[in-house]
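Presented below is the structure to which this report refers.
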Amino acid sequence: MQRDAGNEIPILELWGRLVVPLQGDITDTQMEALQERVLRRVRARAPSGLVLDATGVWMMDSHLCAVMGRLASAARLMGTRPVLSGLSPTIVMTLQTMGIELTSVETTVSLEAALELLGVWPDEDDDEEETDDER
Amino acid sequence: MSELERALTVLLDRYMPAILAQSVKRRALAAVGVAEGQLRDEHLPTLRRQLESGIRLFVDAGAQSGLMAEIDALCSGRVASAEAAVVPVRVEADIVEARGRARELMMALGGGAFPTQRAATVASELARNIVAYAGEGVLELIPRPERPLLTIVARDQGPGIADVEAILEGRYRSKTGLGMGLRGVQRLAARFELSTSARGTRVEADLAI
Ligand SMILES: Nc1ncnc2c1ncn2[C@@H]1O[C@H](COP(=O)(O)OP(=O)(O)OP(=O)(O)O)[C@@H](O)[C@H]1O
Ligand SMILES: [Mg+2]
């Protein structure tokens with residue numbers, strides 16, 4: 001059940017957006033390392049969005065929330081729009097009971113919804129680059 | 001030492017100083033004619049009577065019946081699979097271990113997804129605080145099938161917590177995190193007790209199913 005601390009969480013690039021599929025029982029070390037790798041990738045690739053997908057995460061405590069929030073804020077400072085997707089109902093209810101609000105980052109119900117929010121439309125093939133960010 | 005004997009030790013430790021708990025246990029074992037480390041389920045009814053006489057001597061009158069009830073529960077709950085666990089906490093991997101065990105035990109008690117999540121989160125918060133601020137300590141995870149609930153006790157001999165009131169009222173600004181850990185634990189728990197001094201910290205939380 002316990003994941004190897006040396007296990008690297010992958011960072012995917014989909015249609016010009018970075019996607020981080022968080023999985024399983026994430027250790028502090030893994031999360032620290034991830035934060036650094038993600039920010040380096042953001043800098044190198046200048047993606048138009050960053051999705052932290054929590055669909056595969058079974059537990060989130062206040063520390064993990066804090067790191068997640070920091071990562072999101074840092075990405076935003078670097079000009080990339082962060083989205084947190086797929087938090088499970090039990091995680092959401094637990095955080096709510098604890099009084100922890102993840103207000104620093106936009107959230108969506110699923111990875112798909114996050115990509116849509118970031119302007120990726122499954123029906124359009126070529127011009128999705130134009131559809132995002134009209135700010 | 002058997003799981004049973006360990007569970008008993010953990011239980012007695014919660015009601016009296018470890019040194020007294022040890023001697024109450026030793027005396028009872030001796031009276032039953034069982035060597036330390038050799039306690040088995042069938043000794044329990046006799047042992048119970050012997051423990052009771054020691055407990056009358058060393059435990060506050062108000063707490064005696066509570067302890068005896070827990071001993072009874074321990075005896076009758078012997079068929080249940082959820083065994084109390086003691087997780088030493090010092091490094092990061094121990095945090096993962098602690099929350100994993102809390103999760104397993106809550107599931108063994110029949111807890112659903114939400115109670116399981118709450119228990120794991122509480123274990124994670126308390127274990128992390130030990131690693132971060134106290135250096136080392138232990139988490140005890142005690143299933144109580146008769147209630148039913150899971151008691152999580154975190155103990156350490158670290159420097160103690162300076163401004164508990166501010167923390168629990170949400171007025172505290174953490175330098176290291178959100179500062180929501182202890183307050184969160186309190187809000188997740190059905191019962192929450194915290195005692196802290198320059199000699200250490202002890203947090204006890206009951207997690208309902
Ligand atoms: N076991 C402990 N020993 C000593 N000090 C502690 C202990 N647990 C907590 N503290 C102190 O209490 C403060 C509040 O703890 P709490 O868990 O509520 O928040 P945090 O650890 O700062 O942040 P978070 O848990 O949200 O990541 C800590 O910053 C720390 O100073
Ligand atoms: Mg904490």
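In what follows, every chain begins at residue 1, and chains take the letters A, B, ... in the order their sequences are listed. Every heavy atom of this structure was used, including side-chain atoms; hydrogens, water molecules and symmetry mates were not.
Interface with chain B: from residues 92-103 of chain A, residues A:M93, A:T94, A:Q96, A:T97, A:M98, A:G99, A:I100 qualify, criterion being any non-hydrogen pair under 4.5 Å.
When every heavy atom of B:I55 is checked against every heavy atom of B:Q64, the shortest pair comes out as O-NE2, 3.6 Å.
A salt bridge links B:R99 and A:D25; the closest N-O separation between the charged side-chain nitrogens and carboxylate oxygens is under 4.0 Å. For B:R128 and B:E125, the salt-bridge test fails: no basic side-chain N is under 4.0 Å from an acidic carboxylate O. B:K25 has a carboxylate O that lies under 4.0 Å from a charged side-chain N of B:E36, or vice versa, which qualifies the two as a salt bridge.
Ranked by heavy-atom pairs under 4.5 Å with chain A, the first of B:A120, B:S174, B:G170 is B:A120. For the set A:C65, A:A66, A:P89, the count of heavy-atom pairs under 4.5 angstrom toward chain B peaks at A:A66.
Heavy-atom distances place both the backbone and the side chain of A:I91 under 4.5 Å from chain B.
Side-chain contact check for A:T27 and A:T29: no donor-acceptor pair (N or O, by modelled atom type) lies under 3.5 Å. For B:E165 and B:Y172, the side-chain atoms include no donor-acceptor pair closer than 3.5 Å.
Applying the 6.0 Å contact sphere to CZ of A:R45 captures no more than 12 heavy atoms from other residues, nucleotides or ligands.
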